[in-house]
There are 2 protein chains.
Amino acid sequence: MKITLKDIARELDVSISTVSKALKNSEEISRDTKEKVQAFAKLYNYKPNNIAISLKNKRTKNIGVVIPDIVHHFFTTVIRGIEKYANARGYNVIVCLSEESFDKEVINMEMLANGSIDGFIMSLSSETQQKGDYNHLKEVTEQGIPVVLFDRITNEIDCDKVIIDDELGAYRATQKLIEQGRKRIALITTDDYLSVSKARTMGYKKALIDSGLGVDESRILKLPTMEMDEEGIKDFFEDHPDVDAVLCVNEIFAVYSMRLAQEKGLKIPEDISFIGFTDGFLSKYAYPSLTVVAQHGEKMGEISAQMLIDKVEGEKEEEETFQTRTLEPTLVIRDSIFH
Amino acid sequence: MKITLKDIARELDVSISTVSKALKNSEEISRDTKEKVQAFAKLYNYKPNNIAISLKNKRTKNIGVVIPDIVHHFFTTVIRGIEKYANARGYNVIVCLSEESFDKEVINMEMLANGSIDGFIMSLSSETQQKGDYNHLKEVTEQGIPVVLFDRITNEIDCDKVIIDDELGAYRATQKLIEQGRKRIALITTDDYLSVSKARTMGYKKALIDSGLGVDESRILKLPTMEMDEEGIKDFFEDHPDVDAVLCVNEIFAVYSMRLAQEKGLKIPEDISFIGFTDGFLSKYAYPSLTVVAQHGEKMGEISAQMLIDKVEGEKEEEETFQTRTLEPTLVIRDSIFH
DNA sequence: TATCAACACGAAACCGTTTTCGCTTCATGT
DNA sequence: ACATGAAGCGAAAACGGTTTCGTGTTGATA
């Protein structure tokens with residue numbers, strides 16, 4: 001069905017090399033032959049086989065993206081950023097989901113590491129961060145496959161990294177709430193093994209301490225995972241009827257918390273304020289709309305892709321040098337706090 | 001860095017064929033040699049090169065997914081379904097975004113069609129459906145590359161298809177609203193060139209007619225695209241202060257409409273009811289929570305992947321036979337209508 | 001002792017390209 | 001008349017595997 005160089009060569013009674021060169025407009029080949037070959041190729045819609053070229057060049061023009069999850073808005077926007085940038089540079093994106101599982105992460109990487117891709121863009125699964133086992137990443141980098149880590153990163157691996165300043169984001173958000181006179185600010189987060197949650201918790205605490213309010217550990221709810229735990233949040237608010245502001249590490253926790261508050265008859269933001277992380281549809285279309293720390297996922301994706309492709313295409317000569325790009329979070333003010 | 005058969009052969013002073021066979025536990029090779037080779041391979045962590053195998057087998061074990069968009073929940077869940085199923089069968093998923101553009105869709109397909117993938121799973125871009133130009137699909141199927149179309153499909157192409165019964169979904173939703181005594185039911189949709197919008201509009205009209213209410217075309221708002229058009233919706237409600245229920249073709253239109261209603265002081269569902277399409281986070285965590293026609297995206301993804309892989313791996317002998325799987329939509333009742 | 005199967009392995013083709021190198025052929029200069 | 005060089009093309013290796021077929025050795029058998 002698909003035509004190859006060999007087919008053209010046979011039909012036109014020339015050698016495969018001649019066809020190959022003719023199609024590349026090589027100086028070596030006469031005008032006549034080139035025209036003949038090119039016309040034939042166009043007629044039969046010849047397109048070189050990517051796999052053969054990959055084998056020859058040892059370059060696939062594929063990049064592997066391994067992320068914990070795809071339904072949450074943040075990761076979705078990152079993929080979009082990666083895809084747009086990568087596509088513009090002629091790369092395809094292979095997406096693998098670890099679903100927060102260490103084993104799946106390992107398996108996915110092994111599948112891809114055997115020639116299918118030129119490099120990885122990853123965000124670590126929670127299980128991986130919890131175990132602290134990064135051997136699969138080490139193996140891959142030792143094989144010379146470039147890796148870019150974004151958002152959920154680790155210091156144990158030497159590679160390029162792209163993050164937002166989560167601590168700063170949480171700090172500013174908390175500060176904003178304090179400025180508006182909030183005194184009893186709760187934090188709904190996840191266990192500290194998630195690098196981002198840890199940083200956000202630190203920012204939250206720092207803001208409280210800097211303003212002289214001090215940290216009340218009981219006002220911090222640490223859920224086991226990023227998965228929604230409606231009961232956990234409900235119980236927390238039962239136990240803490242006095243909180244006047246809530247910072248959440250994602251938008252779902254925040255929007256759900258807002259609903260609980262509304263169901264108890266509280267006015268937002270008059271009685272209680274909310275700020276979340278991730279600037280997705282939920283935040284924008286919630287009622288009231290949610291103030292968030294925007295993570296600029298698409299930008300992160302773009303930058304990750306750029307760093308990876310630059311490394312992939314770069315000369316191997318220069319000794320390895322890794323950089324960490326830190327993006328500044330932005331506070332998007334909406335109706336869940338005072339304007 | 002990566003070890004090859006040739007390396008092993010040289011080190012162990014045997015031929016490449018022997019190594020290949022030994023690693024596959026061929027009967028041809030003696031116990032001694034097999035053990036020697038296998039031990040060496042394990043020690044140096046030999047893994048066969050996927051690209052070489054692809055070239056030989058003319059099978060990549062990659063499937064190409066071309067969709068208009070990735071940030072909307074529906075497509076996200078479809079990808080997840082595809083990825084899960086495909087991964088379980090040893091396939092990788094290459095995701096390409098057409099971003100509703102005909103040209104991008106064509107370019108993406110051409111990139112992938114030259115050997116990078118074994119088959120396509122696609123949902124048509126709105127521009128493609130508008131133009132009605134499906135030559136890129138024809139070319140691909142004529143090359144013998146299997147295609148599965150989901151959700152946004154066309155009858156012009158012979159291939160496997162997976163859809164939900166959009167007309168039935170809209171019919172049932174409308175019927176539900178009518179049962180609850182609604183008389184002036186609006187529809188917020190997009191232009192009819194989108195296959196799904198067209199079907200949903202038909203279901204809506206059919207329900208109105210069947211119940212004797214009759215269709216008032218002025219109560220149908222056709223937005224140009226699936227993109228949010230806040231002004232358009234706002235104007236529509238200004239012009240139609242009397243509607244007592246709204247059916248929307250996605251969840252964003254619905255949730256935004258709910259907010260407009262709330263801002264005007266209307267009570268949901270006492271004064272006005274809302275039903276959307278797509279059972280995502282927005283619907284679930286909106287306030288009030290939104291009743292929706294669930295599209296079962298993950299299931300669609302799974303089925304699409306299964307149909308595609310079955311076709312890819314199936315014997316070419318049997319004459320081509322294509323099927324269309326129609327999933328039944330489910331009405332998920334929440335607080336935006338009476339229970 | 002000649003024959004023959006079984007055994008263990010290697011050579012080579014093949015998948016579809018790219019690319020280096022060498023071989024003709026012909027025109028040019030001396 | 002003959003070396004020289006360029007023009008135009010082909011052979012072959014290479015990328016990393018799989019697989020078919022052939023071949024040399026061994027031991028058993030007639």
Side-chain angles (χ1 to χ4, degrees), chain A residues 1-38 40-41 44-62 111-118 143-145, chain B residues 1-38 40-41 44-62 111-118 143-145:
Chain A
M1 212 95 260
K2 281 241 93 181
I3 192 177
T4 70
L5 288 187
K6 193 194 277 192
D7 298 327
I8 303 183
R10 188 176 0 87
E11 266 351 273
L12 262 38
D13 211 45
V14 291
S15 76
I16 294 180
S17 0
T18 302
V19 176
S20 177
K21 289 169 192 163
L23 290 175
K24 302 191 113 63
N25 245 315
S26 160
E27 292 299 318
E28 256 184 282
I29 308 297
S30 71
R31 272 184 67 79
D32 269 14
T33 311
K34 280 199 279 197
E35 279 171 7
K36 199 176 55 175
V37 171
Q38 288 171 7
F40 191 92
Y44 287 94
N45 193 29
Y46 169 79
K47 294 279 166 49
N49 180 309
N50 289 332
I51 299 294
I53 294 180
S54 292
L55 182 59
K56 185 105 247 277
N57 297 349
K58 299 176 150 227
R59 285 281 190 73
T60 62
K61 290 236 158 192
N62 286 157
M111 270 192 82
L112 296 180
N114 299 310
S116 299
I117 49 99
D118 295 338
Q143 273 177 38
I145 302 178
Chain B
M1 210 98 259
K2 280 242 95 180
I3 193 178
T4 70
L5 285 187
K6 192 195 276 188
D7 298 328
I8 303 183
R10 188 177 358 88
E11 268 348 276
L12 262 39
D13 210 45
V14 291
S15 77
I16 294 180
S17 0
T18 303
V19 176
S20 177
K21 290 170 192 162
L23 290 175
K24 302 190 112 64
N25 246 315
S26 160
E27 292 299 319
E28 258 183 277
I29 309 296
S30 70
R31 273 184 66 80
D32 270 13
T33 311
K34 281 198 278 196
E35 280 171 6
K36 199 175 56 175
V37 171
Q38 288 171 6
F40 191 91
Y44 288 95
N45 194 30
Y46 169 79
K47 294 279 168 50
N49 181 310
N50 289 334
I51 299 293
I53 293 179
S54 292
L55 183 59
K56 183 103 248 275
N57 296 349
K58 301 178 150 221
R59 284 283 191 74
T60 61
K61 290 233 158 197
N62 285 156
M111 271 193 80
L112 296 180
N114 300 126
S116 299
I117 50 100
D118 296 339
Q143 272 176 38
I145 303 178

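Just so you know, these numbers come straight off a predicted model, no measurement behind them. Each chain gets a letter, A, B and so on, in the order the sequences are listed, and its residues count up from 1.
Here A:Ser20 reaches the OP1 or OP2 of C:dT18: one of its side-chain N or O atoms lies under 4.0 Å away. Note on A:Lys6: a side-chain N or O is less than 4.0 Å away from OP1 or OP2 of C:dC15.
Proximity note for B:Ile16 (side chain, C-beta onward) versus C:dT19, D:dG16, D:dT18: the nearest is D:dT18. Among C:dA8, D:dT18, C:dT18, the nucleotide with an atom closest to any side-chain atom of A:Ile53 is C:dT18. Closest contact between the side chain of B:Glu28 and the listed nucleotides D:dG10, D:dC21, C:dT19 involves D:dC21.
Nucleic acid contact for A:Ser30: sugar-phosphate only, since backbone atoms but no base atoms lie under 4.0 Å from a heavy atom of the residue. Counting non-hydrogen atoms under 4.0 angstrom, A:Thr33 reaches the backbone sugars and phosphates but no base. A:Thr4 comes within contact range of the sugar-phosphate backbone alone, with a heavy-atom separation under 4.0 Å but no base atom that close. Using a 4.0 Å heavy-atom criterion, one finds that B:Lys21 contacts the bases of the nucleic acid, with or without backbone contacts as well.
By the 4.5 Å heavy-atom criterion applied to side chains, B:Ile3 and B:Ile8 are counted as neighbours. Considering only heavy atoms from C-beta on, B:Leu112 stays 4.5 Å or farther from B:Asn62 through its side chain. Using a 4.5 Å cut-off on side-chain heavy atoms (C-beta onward), B:Lys2 and B:Asn49 make no contact. Looking only at side-chain heavy atoms (C-beta outward), A:Tyr44 and A:Asp7 stay at 4.5 Å or farther from each other.
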Quick one: do A:Asn50 and B:Thr60 satisfy side chain to side chain contact (heavy atoms under 4.5 Å, CB included)? Show the steps, please.
CA-CA 11 Å; A:Asn50 289 332; B:Thr60 61; over 6 Å; no
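Using modelled atom types, no side-chain atom of B:Asn25 and backbone atom of B:Lys34 make a donor-acceptor pair closer than 3.5 Å.
Where the helix from C:dT1-D:dA30 to C:dT30-D:dA1 starts and where it ends, the local axes point in directions that differ by 90°; five pairs per end, rounded to 10°.
Taking atom NZ of residue A:Lys47 and atom C1' of nucleotide C:dT17, one finds them 17 Å apart after rounding to whole Å.
A donor-acceptor contact under 3.5 Å links the side chain of A:Lys56 to the base of C:dT18.
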